[in-house]
Amino acid sequence: MEQLREIYEYIYVTAMKVMALSYSLDSEAKENVDRGQVIIKRIVQLEETTIGQLHERWFSLVLLDVESLDAALDENAEPVLMLYGLIHLANIRSTYLPQLIEKVKLVFQHCSDSAQVRIFSILSIAALTWSETVCVEREQSTQLLSSFVQEIVEPHLAWKAGASGEAMRSMAMATLCALAQGAKEEAREVLPSLAKHMPSLLEDRNVTTRHYAIKAMCYFQGMSVEELKPLAYATMQRMDDPSAGIRVIAATAVGKLRPVFKSEEGSQAEEREHEREVWEAFVKRAIDLLLLYIESPEKEMQAAAQKTLMELAKMHPDAWEDRYKRSLTTAREKDVLADLYAKISIKEEAEAVKD
């Protein structure tokens with residue numbers, strides 16, 4: 001039985017390597033990949049397991065055969081192609097993540113700029129399925145995510161000169177955004193540690209970097225008012241971004257920001273009151289800007305602004321009433337503003353009846 005299992009391991013490793021190279025060389029030519037998948041599925045049947053469990057058990061053996069990454073390889077070198085294809089096939093899993101991190105770090109340290117970007121791009125795609133492929137307890141998953149972010153993502157978030165630094169910063173932000181979507185619960189605990197990088201990323205000259213940065217802001221949760229304040233204002237400023245898409249996401253993200261206020265037990269009344277005032281000032285400023293966009297000719301921006309205003313009005317009714325009355329004196333299209341006010345009032349009444 002042991003000898004038979006060794007044969008299965010050898011077949012698995014060979015099939016994975018062939019599939020990885022075939023996919024990397026030509027992602028449209030699926031013949032070899034399909035044949036390999038048939039072989040893998042047959043091993044799964046014989047071992048009475050699942051494909052995910054098979055990868056968790058034996059994928060580290062395949063990674064051992066990815067060698068020479070400590071050389072100056074370009075994106076079309078065999079080891080880079082193989083690593084790219086392997087990540088595509090097996091994604092990210094707990095049993096081999098530390099080993100995978102070390103392989104990727106070798107690429108980032110020694111290989112060409114194009115090879116680094118290529119590996120980062122497939123990692124960003126694999127990150128989207130984190131919650132499906134990293135099948136461990138929440139606490140362990142959070143630790144793995146933290147390690148992955150600290151060793152692979154965070155080193156490339158800081159500004160570095162040149163086209164290479166810009167490309168890697170963009171891919172790092174794309175990967176972080178993918179992780180925030182693929183591991184929502186874990187990301188809630190990990191993302192706050194990266195808050196110091198976000199203001200500069202939100203103002204990056206590369207539109208792709210700004211796009212992923214503003215998108216990631218929707219997932220920054222569990223932060224104090226003091227921690228969230230610089231990010232909140234930086235997010236609000238993106239509503240004036242040259243990119244229409246970023247403006248729309250910024251209008252949405254402003255309504256997603258939720259600080260954690262100090263509790264009565266661990267703070268004085270003056271501190272709690274100050275926190276409320278600081279956040280209320282931000283909310284009022286955000287409402288003022290969003291009310292301007294209600295009159296925007298851009299339909300998507302107008303819709304995003306309306307939706308966020310409804311959310312903010314529900315959470316901060318006094319601030320909403322105050323800014324609404326103030327804006328009536330300067331609004332060009334008072335009918336549009338009045339319709340929005342009516343919608344919010346009707347929604348509040350309906351929810352009150354429901355409660």
Mind checking what makes side chain to side chain donor-acceptor pair (under 3.5 Å) contact with Glu227, not counting sequence neighbours? Ser224

Only pairs at least two apart or in different chains count here, so list each side chain to side chain donor-acceptor pair (under 3.5 Å) that has a residue in residues 135-153. Lys105-Glu151, Trp130-Ser141, Arg138-Glu189, Ser141-Glu186, Ser146-Gln150, Ser147-Glu151

Is Arg276 close enough and on-axis enough to Phe261, meaning under 6.0 Å and within 45°, for cation-pi? yes

Those residues that, when tested against Tyr293, pass ring pair (Phe, Tyr, Trp, His ring centres under 6.0 Å) (two or more places apart): none

Do Phe108 and Phe120 have their ring centres less than 6.0 Å from each other? yes

May I ask you to check whether Tyr96 and His55 place their ring centers less than 6.0 Å from one another? no

Thr308 (side chain) donor-acceptor with Ala305 (main chain) under 3.5 angstrom: no

So the side chain to side chain donor-acceptor pair (under 3.5 Å) pairs with at least one residue in residues 164-176 (sequence neighbours excluded) are Asp113-Ser164, Glu166-Arg205, Glu166-Asn206, Arg169-Asp204

OG/Ser121 to CE/Met171 distance, rounded to the nearest 0.5 angstrom? 5.0 Å

Which pairs, with at least one residue in residues 66-84 and sequence neighbours excluded, count as a side chain to side chain donor-acceptor pair (under 3.5 Å)? none

Can you name the residues that form a salt bridge (charged side-chain N to carboxylate O under 4.0 Å, His left out) with Asp288, not counting sequence neighbours? Arg323, Arg326

Other residues, nucleotides, ligands: >12 heavy atoms within 6.0 Å of Glu300 CD: no

